[in-house]
Structures are given as C-alpha cells and as structure tokens.
Q: 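Below you'll find the structure I mean.
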Number of protein chains: 2
Amino acid sequence: MIQGFNPRTGEPAGQPVAETTDADVDAAAEAAAAALTSWTGLGDQGRARALEAVADALDARAGELVALADEETALGETRLTGEVARTTGQLRLFAGVLRDGSYADPVASPAAGGIAEIRRVNHPVGPVAVFAASNFPFAFSVAGGDTAAALAAGCPVVVKAHEGHPQTSVATARIVAEALAGTGAPAGVFGLVHGFEAGIRLLTHPAITAAGFTGSTRGGLELGRICAERDTPIPFYGELGAVNPVVVLPGAAASSTAEIASGYAGSLTLGAGQFCTNPGLLFVPADDVALSAAVTDAVGASSGGPMLSERIFKGYEAALAEIEAHPAVTAVAAGTTGAGPWGATPRLFQATLKDFAADLPVLAKERFGPAGLMISYPSVEDLLPVLAALEGNLVGSVHGDTASAAGVAAARQVIAVFERTVGRIVWNGWPTGVAVNAAQHHGGPWPATTVPAYTSVGSAAIRRWLIPVAYQNLPAELLPARLAD
Amino acid sequence: MIQGFNPRTGEPAGQPVAETTDADVDAAAEAAAAALTSWTGLGDQGRARALEAVADALDARAGELVALADEETALGETRLTGEVARTTGQLRLFAGVLRDGSYADPVASPAAGGIAEIRRVNHPVGPVAVFAASNFPFAFSVAGGDTAAALAAGCPVVVKAHEGHPQTSVATARIVAEALAGTGAPAGVFGLVHGFEAGIRLLTHPAITAAGFTGSTRGGLELGRICAERDTPIPFYGELGAVNPVVVLPGAAASSTAEIASGYAGSLTLGAGQFCTNPGLLFVPADDVALSAAVTDAVGASSGGPMLSERIFKGYEAALAEIEAHPAVTAVAAGTTGAGPWGATPRLFQATLKDFAADLPVLAKERFGPAGLMISYPSVEDLLPVLAALEGNLVGSVHGDTASAAGVAAARQVIAVFERTVGRIVWNGWPTGVAVNAAQHHGGPWPATTVPAYTSVGSAAIRRWLIPVAYQNLPAELLPARLAD
C-alpha cells in the first residue's frame with residue numbers, strides 16, 4: 001500500500017492507495033496502445049477541445065485538489081492554487097499548439113532529376129509512460145507538462161503516480177479521465193499506476209514507446225538504463241539534477257547589494273528549496289565584502305518550510321552533514337527551521353574559488369533543499385575555467401551591469417561559458433520560476449537532462465513525443481490530410 | 001596496422017595505415033574542443049563558404065578518390081563517381097541550410113504578466129565523433145552526411161575511419177583539412193583517427209559531446225552503451241539494422257508483374273545488397289503465382305558483386321546458412337555469384353506468412369547482402385498484424401493501385417502500420433536510393449535507428465548536432481546576433 005503523509009505532522013494523510021498489480025499495469029499499457037489510433041484520429045481540433053475540457057474540469061475542482069495536495073505536500077494554498085493554474089494553463093497552451101498546427105512540421109521536396117517527390121510530417125511516437133515528480137504535485141505530476149505535451153502530440157499516456165501525493169494523484173486522474181471521456185476520447189488514452197514495481201513494469205512493457213521522468217540523478221540513471229536495455233529500447237527523457245550557478249559580476253552589486261542578497265535568499269528558500277532550478281551555487285567577487293555579508297544576513301533571516309517527505313528531509317540532512325564536515329567550507333548562516341518533523345533549515349556555506357575547484361565532485365553536487373554555497377572568486381579570469389568545469393545545469397544566472405565596457409565584456413565571457421553548459425541563461429534575475437511559453441527551454445546538458453535538445457516545459461515540449469515519417473511518391477489520396485494539399 | 005584489401009582479389013590494397021595512438025586521439029579531441037569557438041565564430045556565411053570549399057576540393061580530385069575507393073571497395077567507377085557527387089552535393093546542401101539560417105530556430109516570447117522576456121536559439125552541441133560506415137566510402141564516411149551536418153551546425157568533427165577503406169579515408173581527410181584551412185577555419189575543426197581502440201577512446205573523451213554511427217546493430221548497441229556509461233553521457237545517433245519490408249498488394253502486379261519483379265531484383269542486388277535500405281522482405285499475394293515466379297526468375301537472372309570485406313562476406317554466408325537450414329523456408333533462386341574471393345550470390349527464399357510469423361527472430365532479421373525472403377500472404381487482413389509485429393525499419397514500400405476503392409483501402413491499412421514502424425514510406429517504388437533533400441527522413445524506430453526522431457540524411461540531419469539555449473531578460477548587446485533584433 002502507498003501511504004501519503006502530512007509533512008506538517010508526519011502523520012498519515014488520507015487512506016493508503018493499493019499498488020497497481022502486474023495485470024493492471026499491463027492492461028493500462030495495452031489500453032493505451034489500443035487508444036492510439038482513435039486518439040490521433042480526433043485530429044488537432046478534437047484533441048485541443050479535449051485538453052481544454054481537462055483544464056476546465058481541473059479548474060472547476062481546484063479547491064478540492066489544492067486541499068488534498070496541501071495535506072500531502074504542505075506546499076501551502078497560495079503556491080498550490082497557482083500551480084493548478086499553471087497546470088491548466090499548460091493544457092490550454094498545448095490546445096493552442098494544436099490549433100496552430102505547425103508542430104507537425106510538414107515539409108515537401110518536389111520531384112527532381114529522377115528523384116521522386118518526398119513529403120514529411122510528424123506523428124505521435126506512441127503510448128508514453130510519464131513518471132510524476134514529488135515537488136510539483138500538479139505541474140509535473142498526473143496532469144502536468146509531460147502528460148499535456150504527450151496527449152497533445154497524439155500519444156496515449158500512462159502516468160506512474162509519485163508516492164508522495166497518492167490521494168492528489170488519484171483525484172486528479174479521476175477528473176482527467178472523466179473530462180476526456182466526456183469529449184469522446186477513447187478509453188485507455190489516459191491511465192494511472194501506483195508503486196515502484198508498477199513503474200518498472202510499465203517502462204518495460206512492449207506497448208510503451210517513450211518515457212518522461214523528473215527526479216533524482218540516481219533514479220533517472222536507473223530508469224534510463226532500463227529503457228536502453230529493453231528488447232526494443234525507447235527514448236527516455238529524464239530531467240535529473242542541477243545546481244544552477246549564479247554569478248554576480250564585479251561591480252554589479254554596487255548599487256543593489258540588498259536586492260541581490262534578498263533575491264538570492266528568496267530564490268534559494270522558495271518551496272523549501274525543493275526546485276530543480278534552485279540556485280545552489282552563488283559566485284561573488286571576493287573583494288565585495290558587503291555583498292557576502294548581505295547574502296549571509298538574508299539567508300540567516302530566511303525561513304525554511306516542511307520538506308515534502310522524510311526521504312527528502314533525510315537526504316537534505318545528509319547533504320548538509322557532508323558539506324559541514326568539509327575542511328574547506330565555512331558554515332556562515334542558518335535561517336529559521338521549517339515546521340513539522342521534516343522542517344528544512346535554510347543554510348549558507350562559503351568557500352574560496354580555489355578550494356571549490358579542488359573538490360567539485362563533493363562541493364558542486366546538488367543538495368536538494370535550501371542550502372547555498374557562496375563561492376568567493378578573485379577575478380572573472382579565474383572564475384571562467386571553474387564555471388566551465390561544472391556539469392550541465394538547467395539554468396545559469398548572471399548579475400551584471402552593461403553601463404561599462406568592462407561590465408559588458410565580463411558578462412559576455414560568462415554567458416559564453418553558460419551557452420555550453422546550461423539550458424537557460426538569466427540576466428539580473430533568479431532561476432526559479434519557469435515561464436511556460438514558446439521560447440522556454442527547460443533542459444540542458446547532462447545531468448540536468450538526459451537528452452539536452454529537448455525541453456520539458458513550454459510549447460516546444462511537444463517535440464519529445466513526435467517522430468517524423470517521410471512519404472515518397474504517394475498519391476494525394478494516400479497522404480495524411482495535412483500533407484495532401 | 002590497418003590494411004585495406006581489394007575485394008576483387010583479396011590482396012592488400014595500398015599501404016597499411018597506423019592505428020592512432022592514445023595521445024593522438026586525445027590531441028584530436030582536444031584540438032576539436034579548442035576549435036569550437038572560432039569555428040562557430042565564422043558564422044553561417046563563413047561556414048557555408050568553408051563547406052563549399054571542401055565540396056569543390058573533393059570534386060576537383062574526384063578521379064583520384066574514386067580510383068582509391070574502387071581498389072578498396074570494388075564498388076565500381078560509376079557508383080563511386082556518383083557517390084562523390086552525392087557527398088559534395090550534401091556539403092553544398094548544408095551550405096544552403098546555413099545561408100537560409102532557419103535551422104537556428106530563433107523564437108521569442110515577450111514579457112507578460114510579470115514574466116520576463118525569453119528568447120531561444122539553437123547552438124552547436126560541441127565537438128562530435130563520427131564513425132564512418134563501410135558501405136559508402138564517401139557519402140557515409142570521412143566527408144559524409146554526419147560530418148557535413150555537424151560542421152554546418154558549428155561542431156568540430158573527429159572521424160573514426162572505417163577500416164575497410166583506410167587509404168580512401170586518409171586521402172579524403174587530407175583534402176578536407178586542406179580545404180578548411182584555406183578558408184580560415186581553425187586547426188582542429190576536423191580530425192581523423194584510425195583503429196577500433198582509437199574509436200572507443202574518442203567516444204569516451206570528455207571533450208566529445210555527441211556521436212554518430214552507421215553500421216551493425218551489435219556494434220551500434222555497444223557504442224551506444226559506451227556513450228550512456230560515460231561519466232558524462234552523450235547523445236548517440238546510431239543507424240543500425242533494417243530489413244525494409246516491401247508489400248505488393250493484391251491486384252497491384254496485374255499489369256506490372258515484370259516491372260515489379262525486375263525492380264525488386266534490382267533493388268535487392270544493388271551494391272551487392274550492402275545497403276541499409278536493402279529490401280530484405282517481400283510480401284506477395286499467395287494467389288499471385290505469376291508474380292512469385294517472375295520474382296524468382298528475376299533474382300535467378302541477377303548478378304552479385306564482390307562484397308566489401310571478408311568479414312561482411314562471412315556474415316552473409318552465415319546468414320544464408322541459417323535461413324537455408326530453416327525447415328519452413330524454401331530456397332527458390334540463386335543468381336550469378338560476384339567476382340573475387342568474397343563474391344556474393346543473390347539469393348531468394350520463400351515462406352508462407354504463417355511460417356514467417358511463427359519465427360520472426362530468425363526469419364525477419366537482417367541478412368546484410370543480396371538475399372531476399374519472399375513471403376506469401378493469404379489476405380491483407382492476415383498480413384497486417386505480421387507487418388505490425390516487425391521491428392522498426394528505415395523504409396517500408398507499398399506496391400498498389402488506387403483505381404479501385406478496395407485498392408485504396410488496402411493501401412491505407414498498410415500505410416497506417418508503416419506509419420508506426422518505419423521512417424519512410426515508398427509508393428510503387430523501391431527503398432534503395434535515398435534522396436538528399438529537405439523532406440527526407442532517413443530514420444525509423446529501433447533498431448533502424450537509436451533515436452527515431454532524427455534523420456541522418458537530408459537537411460534536417462543538422463538537428464542531430466544542435467541544442468537550444470534560452471535567454472531570459474538579456475539586454476540586446478548580450479544576446480547572440482540572431483536574437484538581438
């Protein structure tokens with residue numbers, strides 16, 4: 001049985017949910033495969049209407065969903081209400097992508113020099129397995145971005161629920177399934193399974209043609225390996241770990257020390273630091289003592305929150321213990337511990353660039369939670385090779401000032417490194433808060449993601465679930481409708 | 001030492017080439033990494049000119065290259081001259097892709113509701129390792145499609161030469177390197193290594209960020225595993241095995257029996273059957289005795305050629321021995337054996353649909369060479385589930401007639417299955433001969449390719465080597481030029 005817990009008390013939240021049996025996992029995968037043709041057959045307009053119906057249904061029951069999720073995650077009503085809105089906004093965004101139609105990328109090359117005409121268009125990859133994340137019980141869960149993008153692409157979806165919010169998952173899935181059924185979508189186009197073993201069985205089921213995952217590097221590595229070792233390997237889109245470096249350039253904080261300090265502490269502690277975009281590394285000029293002091297004060301004045309689960313809390317504590325014991329690191333600030341048995345304490349550590357660079361495997365690794373490491377660098381010249389040596393990240397942020405030529409030059413140097421190592425570059429801002437739009441890229445080199453060319457957020461996320469088919473010399477009546485003109 | 005052989009005689013062809021030392025492999029990878037910024041910095045126009053210079057240089061020395069390749073591959077002057085033209089055509093195609101510029105896919109989402117503006121554009125993934133194939137000594141080798149696409153994308157390239165044509169590889173690489181140097185391209189933007197161990201070392205070098213491969217399923221699986229198990233895993237684009245089913249629909253051969261029979265035999269035996277698009281499986285109506293007889297006669301009247309290497313020849317012989325020994329298969333035709341010690345004999349085998357379906361692991365597997373299996377099917381209804389059960393293929397071909405409603409309906413059913421299982425669908429034609437243009441998709445589900453969304457042929461092949469970067473809130477002077485307007 002899968003039991004959710006209330007992070008504010010550590011007590012069980014709601015009834016336990018049964019792990020899905022092997023037979024039921026197989027049935028869900030096979031139902032998804034059986035639904036493929038009729039789901040695709042609804043066409044762009046039909047699927048757009050279905051996605052909008054799901055969005056409307058979730059909005060209509062947002063209060064109930066938020067209450068369930070708040071009990072299971074303690075993320076709070078404000079955040080969770082906003083997250084439901086983001087989730088239904090995503091569904092409507094993909095409805096718009098379908099109405100626009102250009103996602104199908106139709107291309108024609110005319111016959112030439114004895115070579116027949118070829119036309120090409122995107123098709124859905126097939127039934128998709130989506131692994132829900134713990135830290136976004138709506139936006140990266142049952143009806144989250146992967147589900148919306150895959151359904152939009154024409155792919156039936158089977159979600160493996162996250163064990164951290166089983167009741168929220170069940171309630172969301174019921175609403176989704178009912179709304180889809182009400183729009184004429186085929187049974188089987190959406191399914192939900194519970195449990196670790198069920199997830200593995202789903203991933204290895206022959207009917208599943210691709211998978212999406214958001215979670216830990218270790219878990220993602222294992223699931224990716226399973227996908228690669230199937231009799232028929234399938235694409236695995238994993239978003240794994242990130243520390244999202246922030247660089248404050250020399251002089252940037254001159255007139256905005258307080259703003260940068262409070263902005264950093266706010267981004268670091270948002271959601272108890274449980275974001276893939278959390279800014280775990282802050283690079284500050286060694287000679288800007290005022291900035292280091294202000295950041296230290298801001299983190300010290302910040303508050304943690306209850307973490308999502310005992311497992312995450314224990315992982316955070318272990319990560320803190322490791323960095324606290326590091327001889328090159330100084331613990332400089334601790335904020336107010338969050339409520340409940342798994343309350344996180346915001347922490348700030350400090351190290352020199354040289355010491356940091358000497359032990360990247362320990363010091364540059366992700367500490368999931370509100371723990372920042374502030375690294376004092378003597379010069380941009382010294383900083384650049386260390387930045388370049390970091391593993392891939394979702395986001396790199398730069399705080400700078402373009403008023404001087406030196407400021408522009410330094411910014412360009414850091415941006416050039418980030419262009420090789422992160423998926424998104426933020427100027428004078430913070431990495432948390434991921435806009436859901438056409439230009440978004442929520443990806444990045446390993447281990448931020450397993451497939452760096454694909455985003456999991458924004459309208460381009462539909463590309464994960466599409467594969468092209470070329471048609472050579474076909475008469476119009478045999479071409480797909482959107483190629484036939 | 002790596003020694004090429006003349007397939008017409010089995011004797012050594014030219015001097016042996018030394019295997020690249022570990023130090024030289026590392027130097028090539030590091031030089032590629034060092035060249036990245038200046039190669040990208042040449043811009044679209046500069047890289048287009050460089051690709052054209054390479055094409056011009058190869059064309060100018062085509063005679064010499066063809067002579068070398070003919071000695072090492074015995075593919076013949078006509079085919080090889082055409083292949084050099086295809087290769088230089090590919091380079092010029094990508095120059096056109098660069099001048100067009102839309103490959104960079106720039107997108108902007110304006111600021112809205114407190115969310116900062118985001119702009120996104122594609123960047124080169126970084127230095128790329130390209131593994132050359134045996135069967136296209138130009139078009140899928142040193143200056144082939146992967147090299148052209150990766151250089152176009154802005155990626156330095158290190159090629160691992162195929163051991164089957166070392167002298168051709170060395171000569172081609174020299175011409176490429178000289179031409180690039182003449183256009184101001186940085187040293188290191190193009191390198192060549194020789195030997196199995198050198199290839200593995202290249203693939204695991206930290207500077208390499210992606211890899212392309214065309215070859216056997218077994219080899220591709222192993223290289224893909226190496227890419228996945230690196231400290232920093234990298235994308236691996238492998239084109240592995242395919243049997244490329246051809247379906248002749250009922251009635252389709254009524255007026256074109258001879259044409260279909262000769263067309264099939266021609267496609268099957270082209271290049272001694274050594275194509276990834278070779279039509280290994282031919283599905284014919286069981287009641288069309290005239291067609292079966294005509295195909296049998298056509299293959300019996302065909303001629304093989306010298307195979308590329310002893311290894312490929314022995315693999316072909318082993319595959320023939322396996323299928324000949326199969327109790328459900330009848331050997332119905334043998335053409336004229338090709339010249340030399342590794343001369344291939346065109347072969348045709350026959351089985352019923354029921355027997356074929358009962359042993360797909362043996363009967364549906366690739367037999368690299370001019371061996372066809374003709375499968376007699378009782379009805380389209382019976383055929384469809386067997387087609388659907390085949391593994392992924394690069395190409396599926398349908399011969400049919402749209403004059404009748406029944407003909408259209410049957411064609412649609414087969415096409416619907418192929419849309420799930422192949423990368424390209426050909427109507428009343430043959431799978432060999434891959435057009436290099438914008439609409440081409442030379443890909444397909446596993447094991448045809450490891451990443452089904454990507455093509456290795458045509459202008460879309462540049463996508464293999466691109467990753468997006470999003471820019472949030474950047475002032476114009478810090479944006480890449482093509483996002484700054």
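Protein chains get the first letters and strands the later ones, always in sequence-line order, with residue 1 at the start of each.
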Q: Please look at B/Leu466 and chain A and tell me whether the side chain, the backbone, both or neither of the residue comes under 4.5 angstrom of a heavy atom of that chain.
A: backbone
Q: Give the member of A/Thr37, A/Val451, A/Val125 that has the highest number of heavy-atom pairs under 4.5 Å with chain B.
A: A/Val125
Q: Heavy-atom pairs under 4.5 Å with chain B - which of A/Pro235, A/Pro452, A/Pro233, A/Ala438 has more of them than the others?
A: A/Pro233
Q: What are the residues of residues 113-121 of chain A, in order of number, with any heavy atom under 4.5 angstrom from a heavy atom of chain B?
A: A/Ile115, A/Ile118, A/Arg119, A/Arg120
Q: Dump the intermediate steps for side chain to side chain contact (heavy atoms under 4.5 Å, CB included) on B/Thr402 and A/Glu477, then the final yes or no.
A: CA-CA 8 Å; B/Thr402 55; A/Glu477 66 255 58; 3.3 Å; yes
Q: Are any non-hydrogen side-chain atoms of A/Pro431 and B/Gln472 less than 4.5 angstrom apart?
A: no
Q: Side-chain contact test, heavy atoms from C-beta onward, threshold under 4.5 Å: evaluate it for A/Glu419 versus B/Tyr471 and give yes or no.
A: yes
Q: Taking C-beta and beyond as the side chain, do A/Leu474 and B/Val398 meet within less than 4.5 Å on heavy atoms?
A: no
Q: Can you say whether B/Asn122 sits under 4.5 Å from chain A via the side chain, the backbone, both, or neither, judging by heavy atoms?
A: neither
Q: Mind checking the CD1-OG1 spacing from A/Ile467 to B/Thr449? Nearest 0.5 Å is all I need.
A: 8.5 Å
Q: Could you please state which residues from residues 421-430 of chain A sit under 4.5 angstrom from chain B, measuring non-hydrogen atom to non-hydrogen atom, sorted by number, or 'none'?
A: A/Val422, A/Gly423, A/Arg424, A/Ile425, A/Val426, A/Trp427, A/Asn428, A/Trp430
Q: Tell me, out of B/Pro468, B/Ala453, B/Ala435, who's got the most heavy-atom pairs with chain A below 4.5 Å.
A: B/Pro468
Q: Considering only heavy atoms and a distance below 4.5 Å, find which of A/Arg412, A/Glu391, A/Glu229, A/Arg420 pairs most often with chain B.
A: A/Arg420
Q: For B/Arg463, is it the side chain, the backbone, both, or neither that has a heavy atom closer than 4.5 Å to a heavy atom of chain A?
A: side chain
Q: Between A/Ile415 and chain B, with a heavy-atom cut-off of 4.5 Å, which part of the residue counts as in contact: side chain, backbone, both or neither?
A: side chain
Q: Checking the side chain of B/Ser109 only, and the main-chain atoms of A/Ala439 only, is there a donor and an acceptor separated by less than 3.5 Å?
A: yes
Q: Please flag which part of B/Leu36 lies under 4.5 Å from any non-hydrogen atom of chain A: side chain, backbone, both or neither.
A: side chain
